[in-house]
Q: 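Quick one: structure below, then a few questions.
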Amino acid sequence: MMKSPNNFKGYYYSLFMISLMLCLGARSQLTTDFYSQTCPSLLSTVRKQVQSAIKTEMRMAASLLRLHFHDCFVNGCDASVLLDGDNSTEKFALANVNSARGFEVIDAIKSTVESSCSGVVSCADILAIAARDSVVLSGGPTWRVLLGRRDGLVSNGTLANAALPSPFEALDAIIQKFVDVGLNITDVVSLSGGHTIGLAKCATFDNRLFNFSGTGAPDTTMEATMLADLQSFCPVNGDSNRFTALDRNSTDLFDNHYFKNLLNGKGLLGSDQILYSSDLAVSTTKSLVESYSSNSKLFFNDFVNSMIKMGNISPLTGTNGEIRKNCRAVNS
């Protein structure tokens with residue numbers, strides 16, 4: 001028997017609602033008030049600890065933000081990046097070894113939280129809150145962090161090497177890594193704006209200074225004065241572990257200055273400058289860089305939305321995973 005038009009409408013509406021509910025499943029399990037009854041002091045506790053850490057070392061804000069990013073891109077936001085172990089763990093991945101930092105700050109936060117709410121709050125949620133607080137305390141926007149993630153049981157260094165964007169990659173490869181975790185081109189540009197704070201080692205950009213891509217010459221997209229400064233700061237055969245600011249002339253303030261730098265050829269990492277200067281940027285990222293450089297409110301709004309989306313990558317909820325007692329090890 002043929003379905004009537006009205007029945008068809010009802011059938012397709014039901015299908016639409018089912019797929020919508022499936023899409024929103026993970027998101028609806030995370031809530032901003034997840035710990036309001038079980039650990040009401042959580043947010044103020046994390047804020048105080050992050051504030052103290054940044055007061056000791058301003059750079060820590062960028063380090064904590066980066067830890068959350070590097071966590072979420074590998075198996076979702078499950079605090080797997082915090083797990084100690086052998087050289088097969090994420091801490092030993094190329095993007096993290098001798099580079100990822102802030103683990104002691106997370107330990108200190110976890111310890112304080114455990115003393116008032118034992119066995120309740122996940123390390124993954126602590127990371128998400130600490131990242132938000134780091135942005136706010138650096139002068140950036142605030143947002144309500146969705147909570148309710150649980151902690152993962154494995155740390156996968158091989159996956160980290162494959163999934164984490166590299167400063168040496170082409171723009172299409174970077175975009176693909178974002179798409180692989182459900183993010184888009186707007187997220188690529190807005191989250192790259194996190195480089196408005198923090199430092200980078202010579203080793204992450206000195207490929208641009210003398211013999212770029214085998215040309216025997218520097219990267220032509222780098223502004224001349226900055227190039228000369230960096231050539232003397234990071235000479236051939238010099239100390240590749242020296243640090244300089246990612247956002248030249250606005251090191252510690254979370255603002256849209258990073259994008260203004262890109263317009264002037266002053267992006268530090270290759271992966272920063274290609275958002276504006278590469279051929280592919282013309283049809284993908286360049287217009288957003290220009291918009292953010294002149295409209296900090298737009299950048300802040302998009303950054304917040306992208307952070308919430310990133311914090312929603314494959315969270316473990318319900319009975320999946322666990323609540324670690326110690327962020328560096330799975331429960332025995």
Q: Is the closest side-chain heavy-atom distance between P40 and Y35 below 4.5 Å?
A: no
Q: Could you give all pairs that pass the side chain to side chain donor-acceptor pair (under 3.5 Å) test and reach residues 157-169, with sequence neighbours left out?
A: E169-K177
Q: Answer whether the closest heavy-atom distance between the side chains of V189 and F259 falls below 4.5 Å.
A: yes
Q: Which atom pair, heavy atoms only, marks the closest approach of W143 to R132?
A: O-NH1, 2.5 Å
Q: Nearest 0.5 Å please: distance from the OG atom of S122 over to the CG atom of L147.
A: 8.0 Å
Q: For N320, which residues count as a side-chain contact (heavy atoms from CB on, under 4.5 Å) partner, sequence neighbours excluded?
A: L316
Q: Run the side-chain contact (heavy atoms from CB on, under 4.5 Å) test on N184 and V179 for me, step by step, so that the C-alpha distance in whole Å, both residues' side-chain angles and the decisive distance to 0.1 Å come before the verdict.
A: CA-CA 6 Å; N184 60 30; V179 170; 5.9 Å; no
Q: Using side-chain contact (heavy atoms from CB on, under 4.5 Å), reason through L227 and E223 one step at a time and then give a plain yes or no.
A: CA-CA 6 Å; L227 174 64; E223 188 269 338; over 6 Å; no
Q: Verify whether one side chain among S250 and D255 offers a donor that lies under 3.5 Å from an acceptor in the other.
A: yes
Q: Between L268 and A200, what is the shortest heavy-atom contact and its length?
A: CD2-CB, 3.8 Å
Q: Measuring only between side-chain heavy atoms, which start at C-beta, is S271 closer than 4.5 Å to P167?
A: yes
Q: L82 and D151: side-chain contact (heavy atoms from CB on, under 4.5 Å), yes or no, with the steps?
A: CA-CA 10 Å; L82 303 178; D151 297 322; over 6 Å; no
Q: For T244 and L230, which heavy atoms make the closest approach, and how far apart are they?
A: CG2-CD2, 4.1 Å
Q: Under a 3.5 Å cutoff, is there a donor and acceptor pairing between the side chains of Q176 and D172?
A: no
Q: When you compare the side chains of S190 and D302, does any donor N or O come within less than 3.5 Å of an acceptor on the partner?
A: no
Q: Using the test salt bridge (Lys or Arg N to Asp or Glu O under 4.0 Å), find all partners of D247 that sit at least two apart in sequence or belong to another chain.
A: none
Q: Less than 4.5 Å apart, side chain to side chain, heavy atoms only: is that true for L127 and I106?
A: yes
Q: Return the minimal non-hydrogen interatomic distance between K309 and G182, and the atom names on each side.
A: CE-O, 4.1 Å
Q: Thinking salt bridges, do R150 and D78 make one under a 4.0 Å N-O criterion?
A: no
Q: Taking atom CG as the centre, does N305 end up with more than 12 heavy-atom neighbours from other residues, nucleotides or ligands that are less than 6.0 angstrom away?
A: yes
Q: Could you tell me which residues satisfy salt bridge (Lys or Arg N to Asp or Glu O under 4.0 Å) with D219, sequence neighbours excluded, listed by chain and number?
A: R208
Q: Is it the case that the side chains of T112 and E114 hold a donor-acceptor pair, with the cut-off being a distance below 3.5 Å and no angle test?
A: no
Q: Before giving the answer on ring pair (Phe, Tyr, Trp, His ring centres under 6.0 Å), spell out for F73 and F178 the whole-Å C-alpha distance, their side-chain angles and the decisive distance to 0.1 Å.
A: CA-CA 8 Å; F73 263 65; F178 277 70; 5.0 Å; yes
Q: State, to 0.1 Å, how close L83 and V330 come at their nearest heavy-atom pair, and which atoms those are.
A: CD2-N, 3.7 Å
Q: Stepwise, does the side-chain contact (heavy atoms from CB on, under 4.5 Å) test hold for T31 with D33?
A: CA-CA 5 Å; T31 60; D33 61 353; 3.3 Å; yes
Q: Is there side-chain contact between C117 and T38, with heavy atoms separated by less than 4.5 Å?
A: no
Q: With sequence neighbours left out, write down each residue that passes salt bridge (Lys or Arg N to Asp or Glu O under 4.0 Å) with D71, or none if nothing qualifies.
A: none
Q: Could you go through F254 and F303, starting from their C-alpha distance and side-chain angles, then the distance that decides it, and tell me whether this counts as ring pair (Phe, Tyr, Trp, His ring centres under 6.0 Å)?
A: CA-CA 11 Å; F254 197 100; F303 180 81; 5.0 Å; yes
Q: If we check side chain to side chain contact (heavy atoms under 4.5 Å, CB included) with K110, which of these qualifies: N326, I126, V105?
A: I126
Q: Which residue, T221, L263, V282, forms the side chain to side chain contact (heavy atoms under 4.5 Å, CB included) with S277?
A: T221
Q: Quick one: does I129's side chain get under 4.5 Å of L43's, heavy atoms only?
A: yes
Q: Enumerate, atom names and distances included, each donor-acceptor pair closer than 3.5 Å involving a side-chain atom of residues 54-61, sequence neighbours excluded.
A:
residue	atom	partner	partner atom	Å
T56	OG1	S52	O	3.0
E57	OE1	R101	NH2	3.0
E57	OE2	R101	NH2	2.8

Q: Can you tell me if CG on D279 sees more than 12 non-hydrogen neighbours from other groups inside 6.0 Å?
A: no
Q: Which heavy atom of R324 sits nearest to which heavy atom of C123, and what is that distance?
A: CB-SG, 3.9 Å
Q: I need the L280 CG to T284 OG1 distance, nearest 0.5 Å.
A: 4.0 Å
Q: Heavy-atom distance under 4.5 Å between the side chains of Q273 and M222, does that happen here?
A: no
Q: Are the side chains of I197 and L253 in contact, using a 4.5 Å heavy-atom criterion?
A: no
Q: Would you kindly check if the NZ (Lys) or CZ (Arg) of K91 is within the cone defined by 45 degrees around the ring axis of F103 and under 6.0 Å from the six-membered ring centre?
A: yes
